[in-house]
Protein chains: 2
Amino acid sequence: MTMARRDTYTPESLLAVAVEVFNRRGYDGTSMEHLSKAAGISKSSIYHHVKSKEELLRLAISRALDGLFGVLEEPGARQGRAIERLEYVTRREVEVLLSELPYVTLLLRVRGNTGTERWAMERRREFDHRVAELLKEAAAEGDIRPDVESRLATRLLFGMINSIVEWYRPERGGSASSEEVADAVVRTAFAGLRTTP
Amino acid sequence: MTMARRDTYTPESLLAVAVEVFNRRGYDGTSMEHLSKAAGISKSSIYHHVKSKEELLRLAISRALDGLFGVLEEPGARQGRAIERLEYVTRREVEVLLSELPYVTLLLRVRGNTGTERWAMERRREFDHRVAELLKEAAAEGDIRPDVESRLATRLLFGMINSIVEWYRPERGGSASSEEVADAVVRTAFAGLRTTP
């Protein structure tokens with residue numbers, strides 16, 4: 001038996017531990033017992049902070065969604081030509097994904113087995129829809145190539161952005177900075193990798 | 001108890017059932033019992049075809065890898081300027097991914113808990129490395145924009161391609177054809193979505 005650590009957690013620091021365990025074991029595969037072990041405090045101490053495992057999930061997902069939706073309210077996402085707003089949102093979305101990496105990773109892996117998961121998927125679809133609308137607007141203004149259908153373009157753009165959670169490891173030396181990754185995504189998606197026509 | 005169906009499976013058709021279950025439940029979460037139920041034949045009938053669950057995994061992964069590595073041996077991947085070979089490989093890789101969708105999906109989700117999974121990950125890294133080399137060659141020939149680092153460009157390219165398994169559903173009406181998806185990937189990744197500089 002491990003000696004329980006004195007509970008010095010804040011809601012934020014307990015959440016960080018829970019998200020790490022959720023991402024490692026999967027949300028379904030995580031019990032309150034696993035969380036208690038990882039945090040080094042008793043289950044009743046955890047219940048002092050939150051009502052349930054699902055509440056921890058909701059708090060974590062909210063943090064990711066607040067970051068992503070927040071981008072859409074920034075001036076760069078609301079002013080100017082649609083293509084400029086779309087590039088701005090793409091860049092900022094990559095930055096939020098990297099600064100909130102464990103939280104966004106959890107959001108992207110959610111599968112829909114509980115009410116909170118279904119709510120997360122619904123909000124994520126809503127976000128994707130907002131970006132898709134921006135892309136359509138840019139297409140209508142003639143700034144997006146007409147030979148890639150909007151829905152497909154949106155999916156490939158999100159595919160590129162969301163794949164970052166699969167390989168980006170901030171702790172690894174030599175990893176690209178947040179700004180370098182955001183630049184690379186914007187350049188690749190909007191200007192393409194090819195220098196020659 | 002369900003009545004066992006008469007075993008009319010070939011190794012190929014049994015494999016198709018197994019891959020569907022692996023993708024739905026996860027490889028770790030699938031038992032021979034689950035496979036027996038899904039196939040409607042007894043466990044001993046399954047053992048008549050294969051030695052173990054891991055052998056089914058190996059056969060399925062081999063099918064995906066044979067398709068992907070096969071592309072690298074095609075004339076379009078071996079002749080011409082590196083950028084042309086890279087675009088050819090990208091297009092064909094998308095086509096193989098779509099024609100072998102369940103097998104490539106399984107390959108991309110493998111996590112490394114068994115010897116077969118570790119071998120799959122090793123072969124996948126080898127494939128990624130071959131494409132990364134092609135991209136580096138194209139960069140050295142001045143055909144890839146110098147302001148996106150090769151490693152990052154390779155990851156974003158694979159991110160875009162591999163994300164297809166998350167949203168492409170061939171059975172859904174109105175889904176883009178294999179050729180449309182391949183065209184969209186090549187145009188987006190190499191020429192970019194923007195029409196205006």
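Everything quoted here is computed from the prediction, not taken from an experiment. To find a chain, count down the sequence lines: A is the first, B the second, and so on, and within it residues start at 1.
- Formation of a donor-acceptor pair under 3.5 Å by the A/Arg187 side chain with backbone atoms of A/Ala191 is not found in this model.
- Within the 3.5 Å criterion, the main-chain N or O of A/Met160 finds no donor-acceptor partner in the side chain of B/Ser163.
- With a 4.5 angstrom heavy-atom cutoff, A/Leu156 touches chain B via backbone and side-chain atoms both.
- Counting only distance, with no hydrogens or angles, the side chain of A/Ser13 and the backbone of A/Tyr9 share no donor-acceptor pair below 3.5 Å.
- Interatomic distance, B/Arg155 CZ to B/Leu157 CG, rounded to the nearest 0.5 Å: 13.0 Å.
- Of residues 99-113 of chain B, those residues lying under 4.5 Å from chain A by any heavy-atom pair are B/Arg111.
- Of residues 59-72 of chain B, no residue lies under 4.5 Å from chain A by any heavy-atom pair.
- At least one donor-acceptor pair under 3.5 Å links the side chain of B/Glu117 to the backbone N or O of B/Thr114.
- Heavy atoms of A/Asp183 lying under 4.5 Å from chain B are absent altogether.
- Neither the backbone nor the side chain of B/Asn162 comes within contact range of chain A; no heavy atom of the residue lies under 4.5 Å from a heavy atom of that chain.
- Judged by distance alone, the side chain of B/Glu55 and the main-chain N or O of B/Lys51 form a donor-acceptor pair under 3.5 Å.
- Residues A/Ser36 and A/Ile41 are not in side-chain contact: their nearest non-hydrogen atoms beyond the backbone lie 4.5 Å or more apart.
- Put simply, the side chain of B/Arg92 reaches to within 4.5 Å of the side chain of B/Val96, judged on heavy atoms.
- Among the candidates A/Asp143, A/Val148, A/Thr188, A/Leu135, the residue making the largest number of heavy-atom pairs closer than 4.5 Å to chain B is A/Asp143.
- Side-chain contact check for A/Asp128 versus A/Thr154: every heavy-atom pair is 4.5 Å or farther apart.
- Applying a 4.5 Å heavy-atom cutoff, the residues of residues 77-91 of chain B that approach chain A are B/Ile83, B/Glu84, B/Glu87.
- With a threshold of 4.5 angstrom between heavy atoms, B/Glu149 does not approach chain A through any atom at all.
- The local environment of CD in B/Glu141 is crowded, with over 12 non-hydrogen atoms from other residues, nucleotides or ligands closer than 6.0 Å.
- Listed for the B/Lys43 side chain is no donor-acceptor partner under 3.5 Å among the backbone atoms of B/Met32.
- Looking at residues two or more places apart in sequence or on another chain, you find no ring pair (Phe, Tyr, Trp, His ring centres under 6.0 Å) involving B/Phe158.
- The closest side-chain heavy-atom distance from B/Phe22 to B/His34 is not below 4.5 Å.
- At a threshold of 4.5 Å between non-hydrogen side-chain atoms, the residues B/Phe127 and B/Arg123 do not count as touching.
- Checked by atom type and distance alone, the side chain of B/Lys136 never pairs as donor or acceptor with a backbone atom of B/Ser150 at under 3.5 Å.
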